[in-house]
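Take a look at the structure below.
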2 protein chains.
Amino acid sequence: MAKIDDVARLARVSKGTVSNVFSQKRPTSDEIRERVMRVSKQLNYVPNHTARSLVTKKTMAIGLTIPYGSFFFTAFHMQFINGVILEAAYYGYRVLLDIIPSQEVKTPFLTSYPIDGAVVMRPTANDERINQMHLGQIPFVTVGHVMNENIEHFTSVDNDNHQIMYNICEYLISKGHKDIMFLNASELMTVSIDRKASFIHAMKDHGLDVEEHMIHHKPDLDSSEYMDYGYEETILILGKQKKKVTAIIADDERTAFSVLKALKDLNLSVPGDVSLFVVCGDHSMMVQSNPALTSMDLQPSELGAQSVRLLMHQLGVLQGDFSGNIIVEGKIIERNSVSTIDHKEKHN
Amino acid sequence: MAKIDDVARLARVSKGTVSNVFSQKRPTSDEIRERVMRVSKQLNYVPNHTARSLVTKKTMAIGLTIPYGSFFFTAFHMQFINGVILEAAYYGYRVLLDIIPSQEVKTPFLTSYPIDGAVVMRPTANDERINQMHLGQIPFVTVGHVMNENIEHFTSVDNDNHQIMYNICEYLISKGHKDIMFLNASELMTVSIDRKASFIHAMKDHGLDVEEHMIHHKPDLDSSEYMDYGYEETILILGKQKKKVTAIIADDERTAFSVLKALKDLNLSVPGDVSLFVVCGDHSMMVQSNPALTSMDLQPSELGAQSVRLLMHQLGVLQGDFSGNIIVEGKIIERNSVSTIDHKEKHN
DNA sequence: TTGTAAGCGTTATCAC
DNA sequence: GTGATAACGCTTACAA
């Protein structure tokens, strides 16, 4: 590969000038610029990204850290990633997928991350990756709030998980549901902690008790139960234990579909016997499902875009020291999986 | 951030020695290694990735190039990406998402790619990105074969699209279907070219004519029709034009769901009136759909892993100059969306 | 096994 | 506007 000296020599200018032509950081005369570009094309020269990074201390890449424990992407992840990539590209940044797989990895020793900043998706409590970023002094914004000791971090994007969960409960309760089963996200994630609290809160506010069988958490990725989350719980609680449950809240569409399958196996109809509410999920899937699934739209793509914008502020790409929380609204989208319970009927 | 000199000074060794401790390329005495590590921890030192890259000429990252025109990920993409990331991580490589968005981008001037190699997903005919890689001398493997002038490239991973399409057709024909509508992928992608050819081939082999209304191509991403692909075609051909169609082959699950919706709107049942066959698609979705969708499993995750392995051979990480095509098998998974046509019944 | 010093390919700082 | 030259932080011969 041709290097800057080759171009400089052939164009009979100094390397500094060639550099200026490409970086556009200093003006150059038309004549020289043209000559340099012509020679560059001829030699097939492009500036070496790594060398440039070494001196500018910018990699023009941001890391996208996917939560450990949700390695199988859901629609939420995909849409979020879409939002991040698109927005990052807009500012000339590339996205480095930064996933810590649970499997063994060959990386012998760590090095610094070749990124200027990072978007950390759904941090867990005391998330080790957050500590890493903090130590490495890498600017980052999280989706979902940080719960690490000694780290006060106020740059994050999130839905208002408290509000969202509260709204979902009120929605269901207003339809006459009292026996609600909540299939929450992984216990480790901070969002699930918030949602659980709000679930309990909302129930209490309406004079409803929360029993143990009503809240479940998604198992770890390594767990054999991971893929069946939703199915097993439904079979167990509604089938074997014969608990009364009139509505189920599922954490994502995969879980929702598992529930649907379990309900079918139990000969229970939706929403006739049991109502189903999905937190997030892919629109086209929700629509087509039978019945179409009522859901809470978390606007993942918007979350992704906003998180990048926040990061750009931290990196100085966007003006203004904009740090803080951005709340993206969640909207209930009514479809056909939730029905109203007529309590008089139930009295016989 | 601490640098290697700081560590060297404090540990009273040379920078070369510190380097050796971290890179493990040369043996170091236990005593010194320990001292260096202790000081490093104390100073919070990690080797600078960029500086290392500059001299080793390795970035330890591979690019993952998602096809232009399919910016909305399907299950195929997600599973493929999963396969790539996992396998790359195993060899200590990170993955740089390398998507060329159709929108305007701020990148003023190009630089070299900070990657050691790339996986190019679903290249189009005369794919510009392939030309770029070729020019930049970046090793790459494609998923789907290359159709660029002057570029002979034999390192790719693929399903046997000819065989797959042929098998699908034979499967449908064996069930008595003669009027099959094929909702193909984007016209630009090389896979769609192969599949179209095989579709026609298979039909001809069974004495069936292929009329114009039987083959469609997914519109461009920018097109307003993109999201409705499947719905519009079904309404148009089966509804307005009242063409006889007993089976539909959909390119992905999104398209399949759109078709399902259109069919419902047309008051046509699946598989009673029309059979539906999906190429690829997410297992959990296909299973839960009503009816469960019969599909061809393309094993995207396996494709991803294999493509990385091939790339590792090219990068010398894996031994042996393994270049060529790896074919990943496609398997028909029978569920409930395809029915057998009894031709006697149709004679009244 | 460890130290020394010459790069790696840019950009940045000065002069001019 | 342009040209020298010193960084940038590391690896790697080569020497010791």
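From a predicted model like this one, the values you see are computed outputs, not experimental measurements. Throughout, protein chains are lettered first and strands after them, A, B, ... in sequence-line order, and every chain is numbered starting at 1.
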**Asked** With a cut-off of under 6.0 Å to the ring centre and 45° to the axis, is Arg122(B) in cation-pi contact with Phe80(B)?
**Response**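 Cation-pi check for Arg122(B) and Phe80(B): fails.
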Segment of DNA chain C, first to last nucleotide, that comes within the 4.0 Å heavy-atom reach of chain A
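Endpoints of the contacted stretch of DNA chain C: dG9(C) to dT13(C).
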Any ring-ring contact (aromatic ring centres under 6.0 Å, His included) pairs touching residues 35-66 of chain A, not counting sequence neighbours?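 ring-ring contact (aromatic ring centres under 6.0 Å, His included) check on residues 35-66 of chain A returns Phe22(A)-Tyr45(A).
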Worksheet item: What is the bend of the helix from dT1(C)-dA16(D) to dC16(C)-dG1(D) when you compare the axis at one end with the axis at the other, using five pairs each and rounding to 10°?
Response: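 Axis-to-axis angle, ends of the helix: 30°.
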Nucleotide by nucleotide, nucleotides 9-16 of chain D touches protein heavy atoms under 4.0 Å in the pattern (B base, S sugar-phosphate only, - none) BBBB----
- prompt: Among all residues two or more places apart in sequence or in another chain, which pass the salt bridge (Lys or Arg N to Asp or Glu O under 4.0 Å) test with Arg26(B)?
  reply: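 Partners of Arg26(B) under the salt bridge (Lys or Arg N to Asp or Glu O under 4.0 Å) test: none.
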Review point. Looking for any heavy atom pair under 4.0 Å, which part of the strands does Arg12(A) touch: base, sugar-phosphate only, or nothing?
Key: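 Contact class for Arg12(A): sugar-phosphate only.
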The criterion is side chain to side chain donor-acceptor pair (under 3.5 Å); which residues satisfy it with Asn48(A), sequence neighbours excluded?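 Expected list: none.
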I'd like to check the side-chain contact (heavy atoms from CB on, under 4.5 Å) partners of [X]; sequence neighbours left out, ordered by chain and number.
X         : answer
Ser29(A)  : Glu31(A), Ile32(A)
Lys57(A)  : none
Gln314(A) : Pro139(A), Val141(A), Thr155(A)
Gln137(B) : Met1(A)

Once ring pair (Phe, Tyr, Trp, His ring centres under 6.0 Å) is applied, do any residues pair with His313(B), and if so which ones, sequence neighbours excluded?
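In terms of ring pair (Phe, Tyr, Trp, His ring centres under 6.0 Å), with neighbours along the sequence ignored, His313(B) is linked to Phe322(B).
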Can you list everything that forms a ring pair (Phe, Tyr, Trp, His ring centres under 6.0 Å) with His153(B)? Sequence neighbours excluded, please.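 Listed in chain order: Phe140(B).
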